[in-house]
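Notes follow the structure.
Predicted model only: the values in this text are computed from it and were never measured.
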Amino acid sequence: LWPWLLASSGLSALVQLVTLPFFPDSPSYLLIQKGNEEACRKAIRKLWGEGDHQAEIDDITKEKGAMASTKTFRVLEVIKERSLRWQLYILMTVMTTLQLCGINAIYFYSFEVFHTAKFEEYLIPYVSLGVGLCECLSSILCSTLIDRFGRKVLLWGGYLLMCSVLALLTMTLSLQHRFFWMHYFSVILIFLFVVFYGIGP
């Protein structure tokens, strides 16, 4: 089954390869990058139908003007620029914590945890698939929550809940030989961790 699941991603790539040449270029790309207003109008008519689309063209023209007046920085210039220092620190912190949050360890050791929890060998790949599906669904849920609570609340809440789950998971894995039900609690914690990861970071 796994080879077929891996090969299925090639199907969407094939569909894109066949259909994308028939899609019109982006109106903003045609006007901003190419400077071709007539092609931009044609693309807008193709995408949104006939009608007066002057307001959209005016917006793209304003965007082009704003981009022209914005200075483009090289990597070293971004690092040296004082006005961008805090944004750079925040970005580096978020990306570092994302790499070190433990999600890779969870995925790496989940098979062993499921095996220790006495799951049948043939069921473990499906449980692992459930973990991936759980992350996918929680990411979709995050897109609806982000407008209500904001990015900062979801980041802090996600990391706080993930730390709590990892602490509990460490405890359950240490006590799994004393209590038979600890294995199942560990599995539940793995699913919870993945949900909090999808909602938060």
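- For the pair V195 and L141, the minimum side-chain heavy-atom distance is 4.5 Å or more.
- Put simply, the side chain of R85 never gets that close to the backbone of V78: no donor and acceptor are under 3.5 Å apart.
- The same ILVMFWY cluster, assembled from side-chain heavy atoms under 4.5 Å apart, contains both F114 and I188.
- Separation of atoms CZ (F196) and CD1 (I103) is listed at 12.5 Å; rounding is to 0.5 Å.
- In this structure, L6 and S9 approach most closely via the heavy-atom pair O-OG, 2.8 Å.
- L168 is connected to F179 through a chain of hydrophobic side-chain contacts under 4.5 Å among Ile, Leu, Val, Met, Phe, Trp and Tyr, so both are in one cluster.
- Ring geometry, F111 versus H115: the interplanar angle falls under 30°, so the pair is classed parallel (tilted spans 30 to 60°).
- Taken together through direct or relayed side-chain contacts under 4.5 Å among Ile, Leu, Val, Met, Phe, Trp and Tyr, Y109 and Y184 form parts of separate hydrophobic clusters.
- A distance of 6.0 Å separates CE of M182 from CE of M171, quoted to the nearest 0.5 Å.
- Atom CD1 of I140 is separated from atom CD of E135 by 11.0 Å, given to the nearest 0.5 angstrom.
- L91 has its side chain out of reach of Q87: every pair of non-hydrogen atoms, C-beta onward, lies at least 4.5 Å apart.
- Within a 6.0 Å sphere centred on CD of E112, other residues, nucleotides and ligands contribute 12 heavy atoms or fewer.
- Nearest heavy-atom pair across T19 and F23 is O-CD1, 3.1 Å.
- Between D25 and A43 the shortest heavy-atom distance is O-CB, 3.6 Å.
- For the pair F22 and K46, the tightest heavy-atom approach, listed with the atom from each and the gap, is O-NZ, 4.0 Å.
- Using a 4.0 Å cut-off between charged nitrogen and carboxylate oxygen, K42 and E38 do not count as a salt-bridge pair.
- Residues I60 and L47 fall within the same hydrophobic cluster, defined by Ile, Leu, Val, Met, Phe, Trp and Tyr side chains chained together at heavy-atom separations under 4.5 Å.
- Residues L160 and V94 are members of separate hydrophobic clusters, defined by side-chain heavy-atom contacts under 4.5 angstrom among Ile, Leu, Val, Met, Phe, Trp and Tyr.
- By the 4.5 Å heavy-atom criterion applied to side chains, R74 and E77 are counted as neighbours.
- Side chains of E120 and Y126: no donor on one and acceptor on the other come within 3.5 Å.
- Annotation: the span from I199 atom CD1 to I146 atom CD1 amounts to 12.0 Å, rounded to 0.5 Å.
- The shortest distance between side-chain heavy atoms of V127 and F191 falls below 4.5 Å.
- Note: I106 CD1 to M162 CE = 8.5 Å, rounded to the nearest 0.5 Å.
- Taking 4.5 Å as the limit, every side-chain heavy atom of L189 sits out of range of all side-chain heavy atoms of F193.
- At a threshold of 4.5 Å between non-hydrogen side-chain atoms, the residues R151 and L155 count as touching.
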Verdict with reasoning, V187 to V113, per side chain to side chain contact (heavy atoms under 4.5 Å, CB included): CA-CA 7 Å; V187 172; V113 172; 4.3 Å; yes
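- Residues T97 and Y159 bring a donor and an acceptor atom of their side chains to less than 3.5 Å of each other.
- Closest approach of L169 and S186 over heavy atoms only: CD1-O, 3.7 Å.
- Contact check for I124 versus S128: side-chain heavy atoms found under the 4.5 Å cut-off.
- To the nearest 0.5 angstrom, L173 atom CG is 7.0 Å from I190 atom CD1.
- The main-chain N or O of S8 is never found under 3.5 Å from a side-chain atom of S12 such that the two would form a donor-acceptor pair.
- In plain terms, the two heavy atoms of L30 and A39 that are nearest each other are CD1-O, 3.4 Å.
- Taking the side chain as every heavy atom from C-beta outward, E56 and P27 never approach each other to under 4.5 Å.
- Remark: F185 CZ is loosely packed, at most 12 non-hydrogen atoms of other residues, nucleotides or ligands lying under 6.0 Å away.
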